[in-house]
Amino acid sequence: MEKYSTLNPPQYEAVIHTTGPLLLLAGAGSGKTRVLTHRVAYLIEEKKVFPWKIMAITFTNKAAKEMRERVDKLIGIRGSDVWVSTFHSSCVKILRRYINEIGYDRTFSIYDTDDAKRLIREIMKAYNIDPKYYKESAVLSEISGAKNKLIGVDTYRREAQGDMRKETISRIFVEYQKRLRNYNALDFDDLLVKTVELFELSPKTLEYYQKLFEYIMVDEYQDTNGVQFRLISLLAAKHRNLCVVGDDDQSIYRFRGADIRNILDFESVYPDAKVIKLEQNYRSTKNILSAANEVIRNNRKRKVKKLWTDNDEGELVSHIVNINEKEEAGFIADTINKGISDGRDYCDFAILYRTNAQSRVLEEKMFREGIPYKLIGGVSFYQRKEIKDILAYLKIINNGTDSIAVKRIINVPRRGIGNTTVEKIQEYSDLYGISFLDGVFDATEIPNIKRGRKNVLEFAKMINEFREIAISGSLEGLMNEVLDKTEYIKTLELENTPEANDRIDNIKELSSKMIDYEEQAKEEATLLGFLEEVALIGGIDDLNDDDNKVILMTLHSAKGLEFPVIFMAGMEDGLFPSYMSINSGLNEDIEEERRLCYVGITRAKEKLYLTSARQRMLYGNTQYNQTTRFLAEIPKELLDSDTINYTPIQENTGAIQAKRDNKFFSNKPYTVTKAISQAIPAPANVTLDYIAGDLVKHSKYGIGQVKMIEAGGADYQVTVNFPSHGIKKLLASFAGLKRV
DNA sequence: AGAGTGCAGCAACTT
DNA sequence: GCTGCACTCT
């Protein structure tokens, strides 16, 4: 078969080994996606397996989509019948069909972390538990941790005995599960846990899926947790054609319950497992790969392996020390601009960092320099208040028992239903054992409600109208009705602030996403389907490979991706590795950070820049951190210097200069010339009615004199001397300066 | 009874 | 720097 002849021997072996358990240890950049897609093609074409008998679990929806496309390319349209999806999506698909067998309704809501926290808060309030001693986030992560290990409420309670803190948490845990069930809701962990429960309680359901999935493949196996392991074990128990692919060196989700033992112990769980190692890297230069190998070899708990490559030596790895995080961003922007003038595309670059908090400064700099960029993760679109509000309205149309959603929006926008009224409804609902929303519908019966009654009844009427439209009309029509009747957008329009306008834009975007969904899914489009898609969408799922933009994201999000040029920003002890991991004193914690570092390094194909700052403003205070310990693990000969001190001097001209301050390598000066910042065309969208020397007025700082105006790609930076506040640098589009 | 406002507490990584 | 919450005002 010609299409398989391009595979190297171990890759080929992995493709044709289709029967029985297979552990594929695939190093970074070793072509595992190629193996997986060819393996699917081989099963269908050569082994005549029906496509729908193959299940492939990926880590993100994006990976699932890519895999399906690549299989389609190999064998044509039949590929689309293969079951390719993430753990969570797979479970939702199964539960939507069979969850009634374990006492939930098929219209169940999916709770994200924010919803779950609200529920915890609600319970702690009802139980008078002091949030000072029991932080909701800590309680939630304890509960989540238990679930990921398949520890149920009963076991947890038993094991908590004698431990005050755990006993309290176990009380919350019990009530949390009880309320989730009453609200007909599942949190992220429950999606997996309840599927396992379903399989264990309903043998015929399990058998159905066991028969269906003759061949199972799991990607990123090193990041599976206890529930996921159980789930896969159950599904694969009949045919045992289980192929897991992973790299223990890239296990970076321990905090989420990932258990590295799943991959390390695979051979003892499946003694007949075939083990194949993919150790040839096709992605990176020799220098980059060596740096990665040298860092990761400091970890003790790992399978022995050594990645190698036939690729060129390539450039040395650069480490740049900056004065502070702003200069770090400046260096990165300058280097990107230089790359662009050397013929690179923006999409050749990715900036990786440890914490989302670092993104702001970087983003600002990209914006100012006119560098097109895309920020992945952070506060995602679907976590925004206005989006969650609208989604809450949609949720309760399907599932009125979802009291978290009902209480979220009963008075949003303000409609005169205050706390007191809400409490009265709650008391009444509890008394009669009905859901909160049913209490709302009964508002005429509830004693002691005064001013709010009329408003509550109007709210109830509105929800009923939505439900009628949901039955007969289109999703688009429903959305318009919700936006119109709730007056959500109208309320924002009245605020007339930039933030409110942003929110309106976001809601419009949500609306068009819904229309897109409806058009794509055609007759199959349902409200439930839309809500489901929205609930499970992940940060990098909307990363579009066709966009010519610099990508900004966390190291975690970068897993599985590759770029010609990588910047790893914030290479400082305390930031990376994080404080938490250093303070815990556990070597495992540092090892996890080191794996994260390894993941970052191995994303780079041609050039790797490591940047750090001597001084960094984070969470409102200034830190002075040492360069990360991981840097010392990279041998000197792989670095193009010990340190390059990047010191842009901003004089009155605003020129940016780089100066090398290095006694070892002073023969190779690193310079970024002023020409780069001037090569950018003047901003197109902003016009200024003042020039240097003019007096301008600022809303906060009062009147000052313009000292300098610098052009960025998309905006002007204006330096103004305010007698009362000193010299300020402002962005023209934000500052709203008026000539006086 | 609800709305508006000042203030404390918090702040990894993510499906 | 942002968010939920207690407190005061209408």
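Reminder, nothing fancy here: chain letters follow the sequence lines and each chain counts from 1.
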By nearest heavy atom, map A:K424 and A:S557 onto DNA chain B; which one lands nearer the 5' end?
A:K424

Rounded interatomic separation in angstrom, taking CG from A:D115 and P from C:dG4
12 Å

Distance below 4.0 Å between A:T554 side-chain N/O and B:dT14 OP1 or OP2:
yes

Atom-to-atom span, NZ of A:K454 to P of B:dG2 - whole angstrom:
12 Å

Distance col, row A:I57:CD1 vs A:S85:OG, nearest 0.5 angstrom, shows 5.0 Å

Atom pair distance, as rounded to whole Å: CG in A:D389 and P in C:dG4
10 Å

So, do A:V412 and A:Y488 sit near enough that their side-chain heavy atoms are less than 4.5 Å apart?
yes

Taking the side chain of A:F188 as its heavy atoms from C-beta onward, which of B:dC13, B:dT15, C:dG4 lies nearest to it?
B:dT15

Select one nucleotide: of B:dT15, C:dC5, B:dC13, the one nearest the side-chain heavy atoms of A:F255.
B:dC13

Which is more 5' along DNA chain B, the nucleotide nearest A:T420 or the one nearest A:A357? Just name the residue.
A:T420

Between A:N225 (CG) and B:dT14 (C1'), how many Å, whole number?
12 Å

Answer yes or no: is there an ion pair linking A:R629 with A:E633, defined by an N-O contact shorter than 4.0 Å?
no

For B:dA12 and A:S581 - does any side-chain N or O of the residue sit under 4.0 Å from the phosphate oxygens OP1/OP2?
no

A:K374: partners by side chain to side chain contact (heavy atoms under 4.5 Å, CB included), with sequence neighbours left out
A:I376, A:D542, A:K549, A:I551

B:dA12, C:dC2, C:dG4: which one has an atom nearest the side-chain heavy atoms of A:M580?
B:dA12

Could you give the CG-to-P distance, from A:N356 to C:dC2, as a whole number of Å?
15 Å

Kindly say whether A:Q383 contributes a backbone atom to a donor-acceptor pair with the side chain of A:D112 at under 3.5 angstrom?
no

Tell me what A:S578 touches on the nucleic acid: a base, only sugar-phosphate, or nothing, going by heavy atoms under 4.0 Å.
base

Enumerate the protein-to-nucleotides 4-11 of chain B contacts in which both atoms are nitrogen or oxygen and the separation is below 3.5 Å.
residue	atom	partner	partner atom	Å
B:dG4	OP2	A:R414	NH1	3.2

Flag the pair A:E591 and A:R302 as a salt bridge only when some basic side-chain nitrogen lies within less than 4.0 angstrom of an acidic carboxylate oxygen.
no

Ring-base stacking, A:Y253 with B:dT14 (5.5 Å, 30° cut-offs):
no

Tell me: CD of A:E136 to C1' of C:dC5, nearest whole Å?
12 Å

Nucleotide C:dG4, atom P - distance to CG of A:N419 in whole Å
14 Å

Any salt bridge linking A:K395 with A:D115? Criterion: basic side-chain nitrogen under 4.0 Å from a carboxylate oxygen.
yes

Checking all strands, does A:E593 fall into the base, sugar-phosphate, or nothing category for heavy-atom contacts under 4.0 angstrom?
base

Is the NZ or CZ atom of A:K194 positioned over A:F108's six-membered ring, under 6.0 angstrom from the centre and within 45° of the axis?
no

With sugar-phosphate meaning primed atoms plus P, OP1 and OP2, does A:T113 contact a base, only sugar-phosphate, or nothing at under 4.0 Å between heavy atoms?
base

Let me know the distance between CG of A:N411 and C1' of C:dC5, rounded to the nearest Å.
16 Å

